[in-house]
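Naming: A, B, ... by sequence-line order, numbering from 1 per chain.
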Amino acid sequence: MATVVSRFAPSPTGYLHVGGARTALFAWLLARHAGADGKFLLRIEDTDAARSTEQATTQLLEDLRWLGLHWDNAELVHQSKRKDVYNAIIDSLIAQNLAYKAYDTREELDALRKIAEKEKRQFIYRRREISGDERQKFEAEGRPAVVRFAMPVKEYRFHDAVLGEIVLPADEVQDFVIRKEDGMPTYHFAVVVDDAEMGVTHILRGQEHTKNTFLHIALQDALGYARPVYGHLSTILNLDGSKMGKRDRDKKIRQAAQLWLKNPPHSLDALASACGFAPPRLEQWLKDSKQQLDLPEQSAVMHAIGLAESDLPEILVHDFRKKGYIPEALLNFLALLGWNPGGDKELMSMDEMQKLFSIEGIGKSNAKFDRSKLLAFNTQHGERTPAKELVPAFRAYLEVNPDSPLNQATDEQLATLLEMKKGFRLLREVDEASRFLFIPDDAILYDPAAVEKVLKKDSAQGLSVLRDLHTLLVAQTDFSHTALEQTIQTYGEQKQLGLGKIAQPLRVAVTGNTISPPIFQSLEMLGKDRTLARIERCLRTAV
RNA sequence: GGCCCCGUCGUCUAGAGGCCUAGGACACGGCCCUUUCAAGGCCGCGACACGGGUUCGAAUCCCGUCGGGGUCACCA
């Protein structure tokens with residue numbers, strides 16, 4: 001089998017979002033499919049100092065680890081640290097006259113673009129000869145310059161592994177910037193050099209890069225690099241057809257904030273002080289849909305206007321983790337957005353996906369992200385995976401939900417909980433449904449509607465059942481769920497009561513609510529003392 | 001707007017000229033099971049964007065129309 005070296009090369013501007021996750025997954029799958037001959041590399045594209053942050057890199061790695069998309073290069077490649085490498089190559093390109101310094105100011109370029117636009121033609125940048133005098137003058141006055149690659153004017157074509165033959169006619173060829181004024185290479189230059197140096201053979205990336213590929217192959221030709229296999233992936237869209245982006249969360253918060261300001265009327269200053277913002281900053285954000293808040297700012301605003309995390313669309317990998325998705329399920333779902341192994345196969349383990357993956361199976365058309373299908377996938381993965389194996393995912397969930405009392409639980413307990421709630425849709429459901437087991441007895445809050453319906457109605461039949469049960473359970477020595485069920489079954493037969501009439505009062509007494517994991521197992525886990533304590537407290541205080 | 005890509009149920013898709021009165025999954029509706037919530041079982045609803053060709057025969061090939069996406073940076 002031929003060697004496959006694929007890579008994922010994100011720019012660190014925040015948490016990983018699902019589109020990026022899918023790109024990473026495909027590249028990972030491609031490498032893993034090749035087994036021992038495959039490598040998956042990770043590189044950080046941080047040539048844009050203004051947008052890249054250290055923190056974002058950390059988050060990115062964390063997300064990738066959570067997904068289980070492990071990379072094979074021990075040492076992470078940061079483009080920002082390779083400036084000298086790039087510049088040496090750029091200088092040699094200049095020496096060979098394959099690249100040149102261009103002194104146009106941004107204003108000049110803008111003006112040229114405007115003119116082109118007015119004349120309804122495309123702006124094409126080609127080398128503009130300047131006299132030696134002029135050059136000297138520019139250099140003397142220290143006029144800033146970029147370096148452009150002198151792209152040979154000819155037709156370019158390449159075979160895209162997913163899209164097929166792609167052509168760029170010669171009249172669209174132009175000289176593009178490879179070194180910015182600040183001395184950093186542009187993305188186009190850095191990718192080409194790094195992919196070559198890292199020995200990358202397969203590049204899977206978003207469709208927005210399709211046309212960039214011509215620039216990259218021109219550079220490869222000039223530098224004598226081999227041309228890797230390219231495959232451009234379709235875009236993931238929202239259900240309404242809009243592009244699924246990190247901004248969607250921001251958008252939702254902005255809408256909610258505007259609504260909050262309107263009815264009932266609140267002042268901008270009130271909101272600003274509630275979330276600790278300077279009013280002008282807040283106002284700007286509210287008006288300008290291009291502005292974005294960072295994560296802490298978002299939660300400050302959400303807190304101020306009473307918007308819950310669960311009201312926001314999940315976009316970032318982190319959101320899905322926090323919500324209680326299992327990484328394998330997310331990955332399985334993502335994989336099927338634009339790829340399928342052919343036939344009816346849908347539910348797959350990571351191993352199966354690795355085995356079945358191929359570039360040929362990648363589709364060309366955009367896919368809409370349907371969360372309800374993802375939810376179903378999560379449910380099915382949860383169901384088919386043994387509870388024990390789900391514990392790490394549950395832990396990872398709890399890690400980002402530090403407020404959950406389940407953080408106190410042992411792994412064994414978590415496994416039991418998972419087992420009890422088999423059929424759960426989200427880990428969050430297991431969490432929320434089990435919290436009653438990990439809070440103090442006197443912290444149970446009785447839902448008034450539940451008390452009314454289950455305990456008080458029908459001349460307080462529920463209450464009298466509860467008193468009977470208390471007596472029975474005091475005498476109960478074996479508190480295993482099977483023994484408990486036995487006892488209560490017998491009681492029901494004697495009283496001619498269906499299990500519902502007995503289980504529900506018990507549920508309310510122990511959990512405060514009408515919804516819980518299976519009741520007998522819950523009682524077993526709670527233990528005799530706490531069960532009795534809760535029944536007593538309920539009889540005493542709930543009515 | 002120029003250029004590039006795409007177009008099968010509401011959604012993800014199977015389909016590579018006859019196997020298609022178009023298959024699966026999710027969602028939705030109904031029924032069943034049930035100690036709650038789920039899960040599960042069964043049944044149902046539901047698509048080849050449109051118009052022309054080519055062919056004995058087209059969801060599959062060609063052309064056009066329409067629709068969607070991408071891209072036109074010293075951002076990646």
So which nucleotide from [options] ends up closest to the side chain of [X]?
X	options	answer
A/R51	B/U36, B/C3, B/C75	B/C75
A/L239	B/C74, B/U11, B/C26	B/U11
A/R148	B/A25, B/C74, B/C75	B/C74
A/F377	B/U35, B/C74, B/A25	B/A25
A/S11	B/C37, B/C5, B/A76	B/A76
A/D370	B/A38, B/G10, B/A76	B/G10
A/T47	B/C12, B/A27, B/A76	B/A76

Tell me the interatomic distance from [X], atom [atom1], to [N], atom [atom2], rounded to whole angstroms.
X	N	atom1	atom2	value
A/Q521	B/C37	CD	P	17 Å
A/K501	B/U36	NZ	P	12 Å
A/F369	B/U13	CZ	P	12 Å
A/L347	B/A25	CG	P	12 Å
A/N340	B/G24	CG	P	15 Å
A/I124	B/C3	CD1	P	12 Å

### Message
Within the 3.5 Å criterion, strictly below it, is a donor on A/H481 or A/S522 matched to an acceptor on the partner's side chain?
### Response
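A/S522 and A/H481 do not have a side-chain donor-acceptor pair below 3.5 Å.
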
Within the 4.0 Å heavy-atom criterion, would you say [X] contacts the bases, only the backbone, or no part of the nucleic acid?
X	value
A/S234	nothing
A/P518	base
A/I519	base
A/Q380	sugar-phosphate
A/R425	sugar-phosphate
A/G338	sugar-phosphate
A/K120	nothing
A/R121	nothing
A/V177	sugar-phosphate
A/E45	sugar-phosphate

### 5' precedence on RNA chain B between A/Y103 and A/W339 (nearest-nucleotide basis)
A/W339

### Task
Between A/T105 and A/A376, name the one whose nearest nucleotide on RNA chain B is closer to the 5' end.
A/A376

When you check the phosphate oxygens OP1 and OP2 of [N], does a side-chain N or O of [X] lie under 4.0 Å from one of them?
X	N	answer
A/R371	B/U11	no
A/K373	B/A25	no
A/K345	B/G23	no
A/R179	B/C74	no
A/T379	B/A38	no

Flag the pair [X] / [Y] as yes when at least one side-chain heavy-atom distance between them is below 4.5 Å, and no otherwise.
X	Y	answer
A/M525	A/L417	yes
A/R384	A/L347	yes
A/I315	A/M244	yes

Salt bridge present between [X] and [Y] (N-O < 4.0 angstrom):
X	Y	value
A/E108	A/R106	no
A/E314	A/R371	yes
A/E419	A/K388	no
A/E208	A/K243	no
A/K421	A/D431	no

### Message
How would you summarise protein contacts on nucleotides 59-71 of chain B per nucleotide, using B for base, S for sugar-phosphate only and - for none, with heavy-atom distances below 4.0 Å?
### Response
----------SSS

### Task
Kindly indicate, with the supporting measurements, whether the criterion side chain to side chain contact (heavy atoms under 4.5 Å, CB included) is fulfilled by A/V465 and A/K501.
CA-CA 8 Å; A/V465 167; A/K501 293 280 183 218; 5.7 Å; no

### Message
Would you measure the distance from the C1' atom in B/G18 across to the matching atom in B/G41 and give it in whole Å?
### Response
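B/G18 and B/G41 have their C1' atoms separated by 37 Å.
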
### Task
Go through the N and O atoms of the side chain of A/K421 and the base of B/C37, and report whether any donor-acceptor pair is under 3.5 Å.
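A donor-acceptor contact between them is present.
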
